[in-house]
Number of protein chains: 2
Amino acid sequence: MSIANSATSEDVGSAAQRERRKRILDATYELAKSGGFDAVQMRAVAEQADVALGTLYRYFPSKIHLLVSALGRQFEEASARLNERDIPGDTQAERVLYVLKRMARGMQGDPKLTEALTRAFMFADSSVTNEIHVVGMAMTSIVTHAMHGGVPDEGALTEEDVAIARVIGDVWLSALVAWVTGRSTAADTATHMEKAVHLILRD
Amino acid sequence: MSIANSATSEDVGSAAQRERRKRILDATYELAKSGGFDAVQMRAVAEQADVALGTLYRYFPSKIHLLVSALGRQFEEASARLNERDIPGDTQAERVLYVLKRMARGMQGDPKLTEALTRAFMFADSSVTNEIHVVGMAMTSIVTHAMHGGVPDEGALTEEDVAIARVIGDVWLSALVAWVTGRSTAADTATHMEKAVHLILRD
DNA sequence: AATCGTGGTGGAACGTGTTCCAAATTATGC
DNA sequence: GCATAATTTGGAACACGTTCCACCACGATT
């Protein structure tokens, strides 16, 4: 997995630069995983990645860019893992819920990491559009893949499919924020998602 | 220590205290309206409200509490205004869209204010649960009221109604965040909401 | 009226994101 | 191999949210 940023997918720069970029994203990941959003401090990232603060800012113009880039890497990996297997379930709703629950389990296993990345996503402004778009596409891809039961043929997506996937993604995001910020429990979130998916996908 | 606590615009405290609280919220509103999230600086709010910084923090323990309280006031006013009139439209979807578009128009007229309040809402953690709840209830109330065409009888809400209202609120929130952060235009947002509502309310 | 206690004031100080800069190091073209 | 350009470094400095503190003001109690 050539780290860097497959999102905006720059395989650009010298080997040393790609190496620095990887170290920075790795450090971000580790700090987020162990301490959440607040623990990802720019000075700490720089130190752990063994670069100067100015260099960190040269690679990622803000803490938000940094975290959203890390989130993009995560989502692309998750999307790739999920899309290479068939999704169990007899209805669209079942399959979508299967996938969402799987993701939810993964996130609950790393709550600090999830908190850091979600917060960054929510706080991102238009300067982060590219990185955000990567995340949105991965989410849509995951849901539509589940709706279609794992067929690798992605060409057969109707507008309706994409609209549905976006709505589900929206609900998922709201639920995620509520969970991350401690305003709802994991169980509440699961229940809410279940209701929402059945409401939207009545097959 | 009975003051501070906002959430549901309490009538607690002396007249002087209520007056201070009002001045603070007004100052917050003005600053947010003219300069957005970044312009709501605690020192600036304190100065404009003519209170000391320490006093500001005594009334609102953080910038987020302050902004979410202001958002709550806004939403309660909007909810009250909308709930006293009948909603036009022949179907649930039409009526809900009418209300959402009305709110959207109001928000687009004050983009900075909307940005400030939305950002705060997204960033709020569990210490802001009470204030957040006020906003969520107002949103749910607005949507269910629209669904039922303006009947004042709120007792007839089914679980399903509330679930639907919550899902619509979620989509609305995600769309709002995308718009506020400059990742989608007002027109995109309107289109997306329309699709979503018709998807959820197929009457 | 004197006292007491709650809350308000003014301002210093700290933490962290961000910016800036001069010096050192590395990469590139000739 | 050298001159020049580009990048990295180390660290100072700044902005703003937040905390803290010593002192002041005013209303209630005696």
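In what follows, chains are A, B, ... by sequence order, proteins preceding strands, each numbered from 1.
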Check the distance between [N]'s [atom2] and [X]'s [atom1] and give it to me in whole angstrom.
| X | N | atom1 | atom2 | value |
| --- | --- | --- | --- | --- |
| B:Glu19 | C:dG7 | CD | P | 18 Å |
| A:Asp125 | C:dG17 | CG | C1' | 14 Å |
| B:Tyr57 | C:dA12 | OH | C1' | 15 Å |
| B:Phe123 | C:dG17 | CZ | P | 11 Å |

Measure all distances between protein nitrogen or oxygen atoms and nitrogen or oxygen atoms of nucleotides 8-11 of chain D, and list the pairs falling under 3.5 Å.
unit_1	atom_1	unit_2	atom_2	d
D:dT8	OP1	A:Arg20	NH1	3.0
D:dT8	OP1	A:Tyr59	OH	2.8
D:dT9	OP2	A:Ala52	N	2.9
D:dT9	OP2	A:Thr55	OG1	2.7

With the side chain counted from C-beta on, respond yes when [X] and [Y] share a heavy-atom pair under 4.5 Å apart, and no when they do not.
| X | Y | answer |
| --- | --- | --- |
| B:Trp179 | B:Thr118 | no |
| B:Met103 | B:Tyr98 | no |
| B:Val96 | B:Leu100 | yes |

Exercise for the section: List in numerical order all residues of residues 35-47 of chain B for which some heavy atom is under 4.0 Å away from an atom belonging to DNA chain D. Expected result: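 Under 4.0 Å from DNA chain D: B:Val40, B:Gln41, B:Met42, B:Arg43.
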Practice task
Could you please spell out the steps behind the side chain to side chain contact (heavy atoms under 4.5 Å, CB included) verdict for B:Val99 and B:His145?
Solution key: CA-CA 10 Å; B:Val99 164; B:His145 176 76; 6.0 Å; no
Practice task
Would you mind classifying the nucleic acid contact of B:Ser62 as base, sugar-phosphate or nothing, using non-hydrogen atoms under 4.0 angstrom?
Solution key: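 Sugar-phosphate, no base atom in range.
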Exercise for the section: Output the distance between atom NZ (A:Lys195) and atom OG1 (A:Thr191), rounded to the nearest 0.5 Å. Expected result: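 Between atom NZ of A:Lys195 and atom OG1 of A:Thr191 there are 7.0 Å.
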Problem - Global bending angle along the helix from C:dA1-D:dT30 to C:dC30-D:dG1, which compares the axes of five pairs at either end, to 10 degrees - result: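 Taking the rotation axis at each end, their angle is 10°.
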Exercise for the section: I would like to know whether A:Gln108 and A:Thr114 meet side chain to side chain contact (heavy atoms under 4.5 Å, CB included); could you show each step before the answer? Expected result: CA-CA 8 Å; A:Gln108 283 161 32; A:Thr114 303; over 6 Å; no
Decide, yes or no, whether a salt bridge links [X] with [Y] under the criterion of side-chain N to carboxylate O below 4.0 Å.
| X | Y | value |
| --- | --- | --- |
| A:Glu194 | A:Lys101 | yes |
| A:Asp26 | A:Arg73 | yes |
| B:Glu47 | B:Arg43 | no |

Practice task
For a side-chain contact (heavy atoms from CB on, under 4.5 Å) with B:Val51, tell me which candidate from B:Arg21, B:Arg23, B:Arg58 qualifies.
Solution key: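 Filter result, single survivor: B:Arg23.
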Exercise for the section: Kindly assign one of parallel, tilted or perpendicular to the pair A:Phe37 and B:Phe123, based on the angle between their ring planes and the thresholds 30° and 60°. Expected result: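 Judged by the thresholds at 30° and 60°, the geometry between A:Phe37 and B:Phe123 is perpendicular.
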